[in-house]
Amino acid sequence: MAYARFADEYRGSERLDGDSPLLEAWLTALSLRHYFGQGFALDLTLPAGTIRVEPGDEQPTRRLSGFGDLELGAGYDFAALWGAGGYNPSLTLHAGLGLPTGRQATLGEEGGSVPPNILALGYGAYSGSAELRLTQFVSRYLGVSPNVSLRAPFGASEAGLRSGGTYVVGADALVVPTSYLVVSLGALLQSRTHSEEQFEGRVLNSGGTGIFATGAVNVRANQRVALGVGGRLPLSTYAYGQQISESFSLFASVSVSFGGASDEDEDEHEHGAEHEHGAEHEHGAEHGAEHEHGAEREHGAAKTAARGDVSDAATGGVSFALDKTLTPGKITVVDFWADWCHPCKHIAARLAELAASHRELAVRRVEVPDFDAPVAREHLPKVSSLPQLWIFDAAGKRRAVVTTEAAMEREITRLLGEQRARD
């Protein structure tokens, strides 16, 4: 949910004093996201809200309420190619298609100080969006996240108005004092192009550029629920023509994950939840934080895990004795995982299924909270990313070290075939 206030009037970069119009926007968005594994996700977002305008000059207050543009989105995290977590970078690409469900309004005479690209819930037209974000941790507690995004309509709304596109370049510094808290501080440059009316042409008082300071705090209450608050404040504004501009924006978010393991089995089988390190602040349907509601692994994995030989070899970062972990006569997979490792979750679910289907397979999980923990210093001294899976044959010889789900399945299938051939 987001609140935005537009109360400052600018002519170019000059702020004007006097009785300026006031625009307030309360916006919210419900977003559903499903992760398919291997870095792919699909999402559906429905924004809605209310915009209230006090024009001044004894004109009556106006309101615009309704839904914004329904958006279908798809994302891919390229970290699936090289392994997520540790000091490996995460590079995500998200693209969206907006549908013409949004509403727009006009106020006063043409060329007024309340531009049509502000007085709108979405574009009311088909639109496209794309965002590319890099996240790189330089230490256990500190990371950086530069990003670039764009959003623009493909045509005009039913009212004959084609809003300008929005282009953003930004960067955030991420501070992670604990695994349950993420603080982000950053800045962004936003540019909006002129809007156009079907018959009158370019709307002179529309669009502009601005530099904003941003901040957010995200807290993971438990494995299922995360909360976030934040906002942004303009540092520099340049308006095309004369128009009101953003004074500040505030937002709050609630993120809920569902599906997967039951609460009873959560501690044993849930290996992490994805953290949101930022939120999108563009006005219209773009205000607000992104809500995560996607199930992150296959339903029923916890139940099948109970029938397989799956157990913890070490938790909390403590070390373990490898020779006592291996199961004689069985193929043993030592799964090094972490709470912050997204691919680890999919691998854990698949290992549980394989162990339930094959009595010759044993899975031993080892938690690695960070690479300064004793277990990492002893067993993974030259490793800086997870997942890491050690696969041993029935004789206790290590036959493979893999980092992806596909490689894991390939090696386990090969060793199962060899063992059955001998038997």
Side-chain angles (χ1 to χ4, degrees), residues 1-4 26-33 35 41 43 45 75 77 79 84-86 90 92 94 131 133 135-145 147 170-188 212-233 248-261 263 266-267 269-281 287-297 315-317 337-345 367-370 372-373 386:
M1 185 170 185
Y3 168 77
W26 291 266
L27 298 163
T28 185
L30 174 64
S31 180
L32 303 178
R33 175 173 293 176
Y35 294 93
D43 55 78
T45 301
D77 188 346
S90 171
T92 58
H94 184 272
E131 180 187 48
R133 178 178 292 272
T135 301
Q136 173 67 66
F137 275 83
V138 297
S139 73
R140 174 183 175 184
Y141 304 105
L142 182 64
V144 293
S145 182
N147 61 91
D172 296 304
L174 308 175
V175 181
V176 189
T178 72
S179 62
Y180 295 94
L181 177 65
V182 178
V183 179
S184 65
L185 297 172
L188 62 86
F212 297 83
T214 63
V217 176
N218 291 272
V219 179
R220 194 183 62 178
N222 53 47
Q223 295 283 5
R224 300 291 191 185
V225 179
L227 308 174
V229 294
R232 76 179 194 177
L233 185 69
F248 63 85
S249 290
L250 302 173
F251 67 84
S253 66
V254 178
S255 171
V256 181
S257 300
F258 55 87
D263 292 338
E266 189 73 30
D267 289 340
H269 300 291
E270 187 71 23
H271 284 184
E274 183 168 315
H275 300 276
E276 287 291 326
H277 297 307
E280 195 172 325
H281 308 285
H287 265 296
E290 192 172 279
H291 304 281
E292 301 258 339
H293 296 277
E296 305 231 354
R297 59 177 170 162
T315 60
W337 64 274
D339 186 61
W340 40 259
C341 172
H342 178 68
C344 293
K345 185 172 300 184
E367 183 183 9
V368 185
D370 58 71
D372 293 326
L386 295 178

Could you walk me through whether S31 and T45 pass the side chain to side chain donor-acceptor pair (under 3.5 Å) check? CA-CA 4 Å; S31 180; T45 301; 3.1 Å; yes
Would you say the side chain of V217 lies within less than 4.5 Å of the side chain of V182, judging by non-hydrogen atoms? no
Smallest separation among heavy atoms of Y141 and P177, with atom names: CE2-O, 3.8 Å
Less than 4.5 Å apart, side chain to side chain, heavy atoms only: is that true for D172 and T214? yes
Quick one about H342 and D77 (side-chain donor to acceptor, distance below 3.5 Å, no hydrogens or angles considered), yes or no? no
Does T92 reach the side chain of E131, with side-chain heavy atoms less than 4.5 Å apart? no
Shortest non-hydrogen pair, A4 vs S249, comes out as CB-OG, 3.5 Å
Between A79 and S90, what is the shortest heavy-atom contact and its length? CB-CA, 4.1 Å
Nearest 0.5 Å, what's the OG1-CE distance between T28 and M1? 6.0 Å
Could you please spell out the steps behind the side chain to side chain contact (heavy atoms under 4.5 Å, CB included) verdict for V144 and L174? CA-CA 6 Å; V144 293; L174 308 175; over 6 Å; no
Does a side-chain heavy-atom distance below 4.5 Å link P343 with C341? yes
So, taking the atom named CG in N147 and the one named CG in L188, what distance separates them when rounded to the nearest 0.5 Å? 7.5 Å
E367 (side chain) donor-acceptor with G316 (main chain) under 3.5 angstrom: yes
For a side chain to side chain contact (heavy atoms under 4.5 Å, CB included) check, start with the C-alpha distance between R220 and T178, then their side-chain angles and the critical distance, and finish with the verdict. CA-CA 10 Å; R220 194 183 62 178; T178 72; over 6 Å; no
L185 versus G215, closest heavy-atom pair with distance: CD2-CA, 4.1 Å
So how far is it from L181 CG to N218 CG, rounded to the nearest 0.5 Å? 8.5 Å
Nearest-0.5 Å distance that lies between atom CH2 in W340 and atom CG in D370: 8.5 Å
For the atom pair CZ (R133) and OG (S145), what is the distance rounded to the nearest 0.5 Å? 4.0 Å
